[in-house]
Amino acid sequence: DYSDGIGVKFKTSLPEELEGKLDSGEFENVVQRINEFYAKAESLSAKTFYENCFACMTFYLSLLCIPSQYEKLSRQASDYIMDENRRFFVPNGLLMVDPMETGLRNVNF
């Protein structure tokens with residue numbers, strides 16, 4: 001959803017294909033939480049500034065040893081999706097695919 005710019009953001013409305021299979025409110029909460037992870041990952045802060053400066057000073061070799069803020073939050077989003085799959089989607093006969101596996105294009109089932 002690029003309505004608010006080019007940041008990673010997924011539509012929270014329940015797709016037609018899933019109507020009747022999932023509670024729309026629960027689906028919206030899950031997708032909104034995923035959007036929050038990626039919004040935080042893409043936000044600028046003093047920590048990301050220093051992280052990028054350190055990466056530049058080490059010719060980006062530090063990123064081989066120390067995961068970036070974006071990587072950490074992407075991993076948290078993946079863990080959250082796995083938890084939600086166990087709790088909510090798999091019991092309803094669905095499986096949410098991690099958006100990182102599809103190039104952050106969309107949330108797939």
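Heavy-atom contacts from other residues, nucleotides or ligands closer than 6.0 Å to CD of E16 number 12 or fewer. Counting heavy-atom neighbours within 6.0 Å of K72 NZ, excluding the residue itself, gives a total above 12.
Taking all atoms of both residues into account, the shortest heavy-atom contact from I34 to M96 is CD1-SD, 3.7 Å. Nearest heavy atom pair, residue C65 against residue P67, reads O-CD, 3.9 Å. The nearest pair of heavy atoms linking S62 to A55 is OG-CA, 3.5 Å. The shortest heavy-atom contact between Q32 and T12 is OE1-CG2, 3.7 Å.
In this structure, the separation between CG on L64 and CZ on F59 is 14.0 Å, given to the nearest 0.5 Å. Atom CG of N92 sits about 10.0 Å away from atom NZ of K21, to the nearest 0.5 Å. Here CD of E101 is found 8.5 Å from CD1 of I81. Values are rounded to the nearest 0.5 Å. Considering CD of E71 and CG of L63, their distance stands at 7.0 Å, rounded to 0.5 Å. The OH atom of Y38 sits 6.0 Å away from the CZ atom of F10 when rounded to the nearest 0.5 Å.
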Practice task
Test side chain to side chain contact (heavy atoms under 4.5 Å, CB included) on F54 and I66 and set out the steps.
Solution key: CA-CA 11 Å; F54 185 66; I66 304 168; 4.1 Å; yes

Open item on the list: Could you go through L44 and F49, starting from their C-alpha distance and side-chain angles, then the distance that decides it, and tell me whether this counts as side chain to side chain contact (heavy atoms under 4.5 Å, CB included)?
Closed with: CA-CA 7 Å; L44 299 175; F49 173 77; over 6 Å; no

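Note on residues 41-54: pairs passing side-chain hydrogen bond (donor to acceptor under 3.5 Å, both in side chains), not counting sequence neighbours, are K47-Q69.
Using modelled atom types, one side-chain atom of D23 and one backbone atom of E26 make a donor-acceptor pair closer than 3.5 Å. Looking at D98, its side chain never comes within 3.5 Å of a backbone N or O of S78 through a donor-acceptor pair. Looking only at distances, a side-chain donor or acceptor of S74 sits under 3.5 Å from a matching main-chain atom of Y70.
By the rule that hydrophobic residues join a cluster once side-chain heavy atoms approach within less than 4.5 Å of another member, L95 and M82 end up as members of separate clusters. A continuous path of hydrophobic side-chain contacts links V30 to L94 [ILVMFWY only; heavy atoms under 4.5 Å].
Under a cutoff of 6.0 Å and an axis angle of 45°, R87 and F89 do not form a cation-pi pair.
A salt bridge between K11 and E28 is absent, with no side-chain N of the basic residue lying under 4.0 Å from a carboxylate O of the acidic one.
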